[in-house]
Amino acid sequence: MKSFLRKFVLTKAMYQKLKEIRDVKRYERASDVEKIFIDRSKHRKVLCMILAGYKTYLYQDVFERIIRFIPDDIDVCLVSSGLYSEDLAQRAEKQGWSYLSTKRNCVTLAQNVAIRLHDQAEYIYKVDEDIFVTQGCFETLMDTYKKVETQEEYEVGFVAPLIPINGYGHMRVLDKLGMKAVYRERFERPIYASHPDRMIENSGEAAKFFWGEGGYIPSIDEMNQKWMAEDFQYSICPIRFSIGFVLFKRTLWENMGMFPVIEDNPCMGLDEEQICSYCIVHSKVIVVAENTVVGHLAFGRQNEAMKEYYYQNTERFRIPVQN
């Protein structure tokens with residue numbers, strides 16, 4: 001019996017060692033890329049990686065909001081997949097943020113590299129360059145994550161804010177504002193769905209509606225202020241969630257084998273597919289923090305119309321002037 005147990009222990013130890021070697025090689029393959037990394041990390045436990053480099057016309061308002069509203073105890077890294085941006089490098093230097101530029105354009109690879117380079121980060125915010133953050137949104141996501149994790153009957157996969165231009169978020173916003181009938185009349189039957197044939201993802205007019213065109217939907221800052229003042233609220237998203245702004249733990253990223261990297265592929269959307277699929281398969285919920293709202297400019301098919309709309313209605317995207 002003792003001999004068997006010794007053999008079992010050795011076998012288990014060998015298996016663990018082989019697993020570690022396999023994991024190291026997997027990490028290397030999924031983060032091997034020519035890069036420029038300007039490191040200003042303070043080695044904090046929370047990282048915010050901001051994917052940017054392609055929608056430069058938004059930067060004045062997007063970064064003004066981030067600078068105003070991001071907590072001081074978070075490491076920030078601007079991440080450019082497939083290009084180097086002197087503009088972003090200078091913005092990062094001015095704010096004391098890190099900057100990562102990868103030669104290959106693969107968004108999942110760039111994120112893997114950023115997370116590996118910030119090896120002490122236990123929590124990770126991922127923010128796209130067309131997200132307009134609001135006051136208290138970062139803190140609310142973290143607070144929601146920890147409350148659901150410790151007090152509710154779920155294992156958390158990731159947490160996101162209410163996002164009006166989002167397959168799930170637009171329904172929650174319509175419901176909370178009592179606007180489903182208006183949306184049905186103007187666009188289509190409102191349902192919880194996230195795919196390109198829905199108007200929430202392909203109609204410029206639907207996107208404008210959620211940015212206040214017609215006067216039906218308040219500004220993101222008005223909604224955020226109102227709902228932050230309410231009692232703690234969250235919901236569980238049962239469909240694929242568009243991950244323009246999410247908070248997850250490093251352990252989730254590690255356990256799902258990082259974000260997938262495909263050779264000769266920009267890998268757009270693979271991070272979203274991976275994280276949503278992993279959460280469903282492993283019984284981890286997608287939590288939406290209903291006490292905070294952020295803005296999303298548009299999905300791909302709406303970009304052209306919304307770029308023009310942004311130029312014509314910049315006041316709707318800027319931080320409101322305090323009286």
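All values below were derived from every heavy atom in this structure, side-chain atoms included, with hydrogens, water molecules and symmetry-related copies excluded.
A salt bridge links Arg198 and Glu188; the closest N-O separation between the charged side-chain nitrogens and carboxylate oxygens is under 4.0 Å. Taking the charged nitrogens against the carboxylate oxygens, Arg91 and Asp87 do have a contact shorter than 4.0 Å, which makes a salt bridge. Comment: Asp72 does not engage Lys42 in a salt bridge, judged by the lack of any side-chain N to carboxylate O separation of less than 4.0 angstrom. A salt bridge links Lys226 with Glu230: at least one charged nitrogen is closer than 4.0 Å to a carboxylate oxygen. Classification of Glu213 and Lys208 as a salt-bridged pair fails, no side-chain N sitting under 4.0 Å from a carboxylate O. Between Glu122 and Arg250 no salt bridge is recorded (no basic side-chain N to carboxylate O distance below 4.0 Å).
Two residues are said to be in side-chain contact when any heavy atoms from C-beta on lie closer than 4.5 Å; Asn255 and Lys284 fail this criterion. Contact check for Ile319 versus Glu64: side-chain heavy atoms found under the 4.5 Å cut-off. For the pair Gln60/Arg318, a side-chain contact is recorded, criterion being any heavy-atom separation below 4.5 Å from C-beta on. Here the side chains of Leu141 and Thr292 are in contact, with some heavy-atom distance below 4.5 Å. Counting only heavy atoms from C-beta outward, the side chains of Asn166 and Phe241 approach each other to under 4.5 Å. Using a 4.5 Å cut-off on side-chain heavy atoms (C-beta onward), Val156 and Leu252 make no contact. For the pair Leu51/Glu129, no side-chain contact is recorded, criterion being any heavy-atom separation below 4.5 Å from C-beta on. Between Arg65 and Val294 the shortest side-chain heavy-atom distance does not fall below 4.5 Å.
Note that the OG atom of Ser235 and the OH atom of Tyr168 stand 2.5 Å from one another [nearest 0.5 Å]. Atoms CD and NZ, on Gln120 and Lys45 in that order, are 9.0 Å from each other to the nearest 0.5 Å. Rounding to the nearest 0.5 Å gives a distance of 10.5 Å between CZ of Phe248 and SG of Cys279. Residue Ile50 holds its CD1 atom at 12.5 Å from CG of Leu100, rounded to the nearest 0.5 Å. Distance check: Glu93 CD to Leu78 CG gives 12.0 Å after rounding to the nearest 0.5 Å. Here the CH2-SG distance, from Trp97 to Cys48, works out to 8.0 Å after rounding to the nearest 0.5 Å.
A tilted orientation is assigned to the rings of Tyr311 and Tyr57, their planes being inclined by 30° to 60°. Below 30°, between 30° and 60°, or above 60°: for Trp211 and Phe132 the angle between ring planes is above 60°, a perpendicular geometry. Phe317 and Tyr309 have perpendicular rings, their planes meeting at more than 60° on a 0 to 90° scale where under 30° would count as parallel.
Of all non-hydrogen atoms in Leu83 and Gly53, the two that sit nearest each other are CD2-O, 3.4 Å. Nearest heavy atom pair, residue Arg104 against residue Leu109, reads CD-CD2, 3.9 Å. The heavy-atom pair separating Asn224 from Gln135 by the smallest distance is ND2-O, 2.9 Å. Of all heavy-atom pairs between Cys106 and Val261, the closest is SG-CG1, 4.1 Å. The two residues Thr140 and Asn291 make their nearest non-hydrogen contact at CG2-CB, 4.1 Å. Scanning all heavy atoms of the two residues, the minimum distance from Pro260 to Thr108 falls at O-OG1, 2.6 Å.
Heavy-atom neighbours of Glu315 CD from other residues, nucleotides or ligands within 6.0 Å: above the threshold of 12. With a 6.0 Å radius and a threshold of 12 heavy atoms from other residues, nucleotides or ligands, Gln225 has its CD atom at or below the threshold. In this structure, Glu149 places its CD atom where more than 12 heavy-atom neighbours from other residues, nucleotides or ligands lie under 6.0 Å away. With a 6.0 Å radius and a threshold of 12 heavy atoms from other residues, nucleotides or ligands, Glu152 has its CD atom above the threshold.
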- request: Begin from the C-alpha positions of Val62 and Ile131 and carry the test side-chain contact (heavy atoms from CB on, under 4.5 Å) through to its verdict.
  value: CA-CA 7 Å; Val62 163; Ile131 293 293; over 6 Å; no
task: Give the C-alpha distance, both sets of side-chain angles, the deciding distance and a yes or no for side-chain contact (heavy atoms from CB on, under 4.5 Å) between Arg172 and Leu174.
output: CA-CA 5 Å; Arg172 297 300 307 131; Leu174 291 173; over 6 Å; no
- request: Test Asn202 against Met199 for side-chain contact (heavy atoms from CB on, under 4.5 Å), laying out the working first.
  value: CA-CA 5 Å; Asn202 66 37; Met199 293 187 75; 4.2 Å; yes
message: Phe37 vs Cys77, test: side-chain contact (heavy atoms from CB on, under 4.5 Å). Steps then yes/no.
response: CA-CA 10 Å; Phe37 180 51; Cys77 182; 4.2 Å; yes
message: For Phe138 and Phe245: C-alpha separation, side-chain torsions, deciding distance, then whether ring pair (Phe, Tyr, Trp, His ring centres under 6.0 Å) applies.
response: CA-CA 10 Å; Phe138 289 96; Phe245 184 12; 5.3 Å; yes
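Between the side chain of Ser101 and the backbone N or O of Ile36, no donor-acceptor pair lies under 3.5 Å. Judged by distance alone, with hydrogens and angles left aside, the side-chain atoms of Asp128 form no donor-acceptor pair with the main-chain N or O of Asp130 at under 3.5 Å.
With Val182 as reference, Arg186 is the one residue of Lys180, Glu185, Arg184, Arg186 to meet the side-chain contact (heavy atoms from CB on, under 4.5 Å) rule. For the pairing with Phe210, the ring pair (Phe, Tyr, Trp, His ring centres under 6.0 Å) check across Tyr216, Phe187, Tyr183 returns one residue only, Tyr183. When each of Arg240, His170, Glu201, Glu272 is tested with Ser194 by the rule side-chain hydrogen bond (donor to acceptor under 3.5 Å, both in side chains), just one qualifies, namely Glu201.
Criterion: ILVMFWY side-chain heavy atoms under 4.5 Å apart, direct or through other members. Under it, Tyr234 and Leu247 are part of a common hydrophobic cluster.
In this structure, a donor-acceptor pair under 3.5 Å is present between the side chains of Glu86 and Gln90. Side-chain N/O atoms of Asp75 and His43 include no donor and acceptor closer than 3.5 Å. Defined by atom type and a distance below 3.5 Å, a donor-acceptor pair is present between the side-chain atoms of Tyr99 and Ser80.
By the 6.0 Å and 45° rule, Lys147 stacks over the aromatic ring of Phe232.
Taking the ring centroids of Tyr123 and Tyr125, they lie at or beyond the 6.0 Å cut-off. The six-membered or imidazole ring of Phe158 lies away from that of Tyr278, with a centre-to-centre distance of 6.0 Å or more.
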